[in-house]
Number of protein chains: 2
Amino acid sequence: MATDRSPTRIQKRNRANILEAALDVFSQNGFRGATVDQIASAAGLSKPNLLYYYPSKEAIFTELLSKLLATWLAPLRDIDPKGDPMEEILGYVQRKLQMSQDMPRESRLFANEIVQGAPRMIDTLSTELRELVDATEVIFQGWMAAGKIASVHPRHLLFSIWSLTQHYADFEVQVQTLMTPEDPFAAAPEFLDTLYRRMLTPTT
Amino acid sequence: MATDRSPTRIQKRNRANILEAALDVFSQNGFRGATVDQIASAAGLSKPNLLYYYPSKEAIFTELLSKLLATWLAPLRDIDPKGDPMEEILGYVQRKLQMSQDMPRESRLFANEIVQGAPRMIDTLSTELRELVDATEVIFQGWMAAGKIASVHPRHLLFSIWSLTQHYADFEVQVQTLMTPEDPFAAAPEFLDTLYRRMLTPTT
DNA sequence: CGGACATTTGACCAACTGGTCAAACTCACG
DNA sequence: CGTGAGTTTGACCAGTTGGTCAAATGTCCG
């Protein structure tokens, strides 16, 4: 496989199929729980054929992670320091919630990895994500100092948003089981909107 | 091994060691990621010796889960319908948070299993836990109807407490990495207390 | 002490898993 | 068509893993 030439039609199709299949399998079983054979057949390929496109299971996982991280963090980058504070935060919450609903596999992929100590993500966490979180903290602190939102611990605020929104994807089985027949996502937007509005409305 | 006789001194010691080791290994690697050998050496036994006490890896896992579930759910059962609503809920939040800090392995054990679809817990979830959640919902609804706490979706309220408190244990690596050098658990109690106090204070 | 029962071990096995390789096959293109 | 590059495959391999078994060793108690 010539990696330094522009990819052929077949390469494009197969690489896309592999990543799609890998997302399915890794998000459901975690890295160690997933087998190359599972991914291969989910992608409609034989195992050696899959390994013709990616040199190892690890390589598939790594590429998948790095391709998805940007998407996953986009809403956080989109927070506008010059926007209305309450609207920005409530909007971020709703966007994250929507992502949990639309992309539960991505959420679980990261959840699986982090619960097990994030052995393949720790570098990204402590550099790229750390910077982004630091920047967000500054924004939140500015809003709090200006009295636009109530003063709370900015990092805990951010973690709480991640926690609450991703919970619906990561623990979907549990939420589904305990909410049936109600649709968990039906009342979630309003619940979270109310929660953050009450917590963050300044008490002058 | 005579299972129908009272356990010997050695049986008691070894069984305890095995479950302790299993908690370590399963919570860090999930069911599939854990190996019988890992558990055995963590318990100071050889693999065949371990399998003399438990017939299979699955059996260890199952026993571990069922033994821990009672402990894990105790704070929820302890909510007193006749107590002061706000105090009961804030107390429950603090107890759950304390458990995340003191028993992070237990939290991650369940988290690992549920993220991956809870194949070995789904029965428990849909019966025992379901009943407990149903009962709690009734309590919450009573308090809301009486105007003692603000009206919010009772199940989402409960899930939010689980989510926020267990987040500190389940995603410990991430939280640690992004909060260093601050101790995540230092500000958490106050943050959660404020959050739920503001959300649940009735707006008459 | 001695025997019955409990515990431990090393050798072993079959299934699974990640990965390799040479040979066969397919495709684009002149 | 033909040819060279791109693609696919079956056979294979070594390491890991859950689990078995008979034999060896340890412990308890009369």
Side-chain angles (χ1 to χ4, degrees), chain A residues 1-65 112-113 116 119-120, chain B residues 1-65 112-113 116 119-120:
Chain A
M1 179 178 48
T3 45
D4 50 348
R5 301 191 64 80
S6 72
T8 68
R9 176 180 54 91
I10 296 176
Q11 268 172 42
K12 259 188 262 184
R13 168 176 43 90
N14 281 347
R15 284 179 166 266
N17 286 350
I18 290 170
L19 288 181
E20 170 67 21
L23 176 56
D24 253 14
V25 176
F26 281 134
S27 67
Q28 197 163 66
N29 305 102
F31 180 78
R32 203 175 188 286
T35 73
V36 177
D37 250 331
Q38 279 179 324
I39 301 173
S41 46
L45 300 173
S46 66
K47 187 170 62 166
N49 199 174
L50 182 151
L51 290 167
Y52 168 72
Y53 290 99
Y54 288 92
S56 67
K57 180 180 166 182
E58 184 99 27
I60 305 173
F61 192 77
T62 303
E63 170 132 351
L64 189 60
L65 275 189
N112 253 309
E113 189 62 10
Q116 300 193 4
R120 299 165 199 84
Chain B
M1 179 178 48
T3 43
D4 50 348
R5 302 189 64 79
S6 73
T8 67
R9 176 180 54 90
I10 296 177
Q11 269 174 39
K12 259 189 262 185
R13 169 177 41 91
N14 282 347
R15 284 180 167 264
N17 286 351
I18 290 170
L19 289 181
E20 170 66 24
L23 175 56
D24 253 15
V25 175
F26 281 133
S27 68
Q28 197 162 66
N29 305 102
F31 180 78
R32 203 176 188 288
T35 73
V36 177
D37 251 330
Q38 281 179 323
I39 301 173
S41 46
L45 300 173
S46 67
K47 187 171 60 165
N49 199 174
L50 182 152
L51 290 167
Y52 168 71
Y53 290 99
Y54 287 92
S56 69
K57 181 180 166 182
E58 185 99 27
I60 306 173
F61 192 78
T62 303
E63 171 133 349
L64 189 61
L65 277 189
N112 253 310
E113 189 61 10
Q116 300 194 5
R120 299 164 200 85

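Just so we're clear, the structure is a prediction, and the values are computed from it rather than from any experiment. Residue numbers start from 1 in every chain, and the chains themselves are labelled A, B, ... in the order their sequence lines are given, proteins ahead of strands.
Residues passing the side chain to side chain contact (heavy atoms under 4.5 Å, CB included) test with A/Ser41: none are found, sequence neighbours excluded. With sequence neighbours left out, B/Ala16 forms a side chain to side chain contact (heavy atoms under 4.5 Å, CB included) with no residue at all. Every side-chain hydrogen bond (donor to acceptor under 3.5 Å, both in side chains) that A/Asp24 has, sequence neighbours left out, goes to A/Arg105. In this structure, the side chain to side chain contact (heavy atoms under 4.5 Å, CB included) partners of B/Ala40, at least two apart in sequence or on a different chain, are B/Leu50. Residues passing the side-chain hydrogen bond (donor to acceptor under 3.5 Å, both in side chains) test with A/Gln116 are B/Asn112, sequence neighbours excluded.
Position along DNA chain D of the nearest nucleotide to B/Arg9 versus A/Thr8 favours A/Thr8 as the more 5'-ward residue.
The nearest whole Å value for the distance from the OH atom in B/Tyr54 to the C1' atom in C/dT7 is 16 Å. In this entry the distance linking CD1 of B/Ile60 with C1' of D/dG19 reads 12 Å, nearest Å. Rounded to an integer number of Å, the gap from A/Asn17 CG to D/dT7 P is 14 Å.
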Report, one pair per line, the protein and nucleotides 8-11 of chain C atoms (nitrogen or oxygen only) whose separation is under 3.5 Å.
from  : atom 1 : to      : atom 2 : distance (Å)
C/dT8 : OP2    : B/Asn14 : ND2    : 2.9
C/dT8 : OP2    : B/Asn49 : OD1    : 3.2
C/dT8 : OP2    : B/Asn49 : ND2    : 3.0
C/dT8 : OP2    : B/Tyr53 : OH     : 2.8
C/dT8 : O5'    : B/Asn49 : OD1    : 2.9
C/dT9 : OP2    : B/Ser46 : OG     : 3.3

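Phosphate contact (OP1/OP2 of C/dT7, side-chain N/O of B/Gln11, threshold under 4.0 Å): present.
For A/Leu51, the side-chain atoms get nearest to C/dT20 when compared with the rest of C/dC27, C/dT20, D/dG19.
Taken to the nearest 0.5 Å, the OH atom of A/Tyr52 stands 12.0 Å off from the CG atom of A/Leu45.
Contacts between residues 22-38 of chain A and DNA chain C, defined by a heavy-atom separation below 4.0 Å, involve A/Ala34, A/Thr35, A/Val36, listed by number.
Sorted by first and then second residue, the pairs that involve residues 47-60 of chain A and meet salt bridge (charged side-chain N to carboxylate O under 4.0 Å, His left out), not counting sequence neighbours, are A/Glu58-A/Arg120.
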Mind listing the side-chain donor-acceptor pairs of residues 29-38 of chain B below 3.5 Å, one per line with the distance, residues two or more places apart or on another chain?
from    : atom 1 : to      : atom 2 : distance (Å)
B/Arg32 : NH1    : A/Arg32 : O      : 3.3
B/Thr35 : OG1    : B/Gln38 : N      : 3.0
B/Gln38 : OE1    : B/Thr35 : N      : 3.1

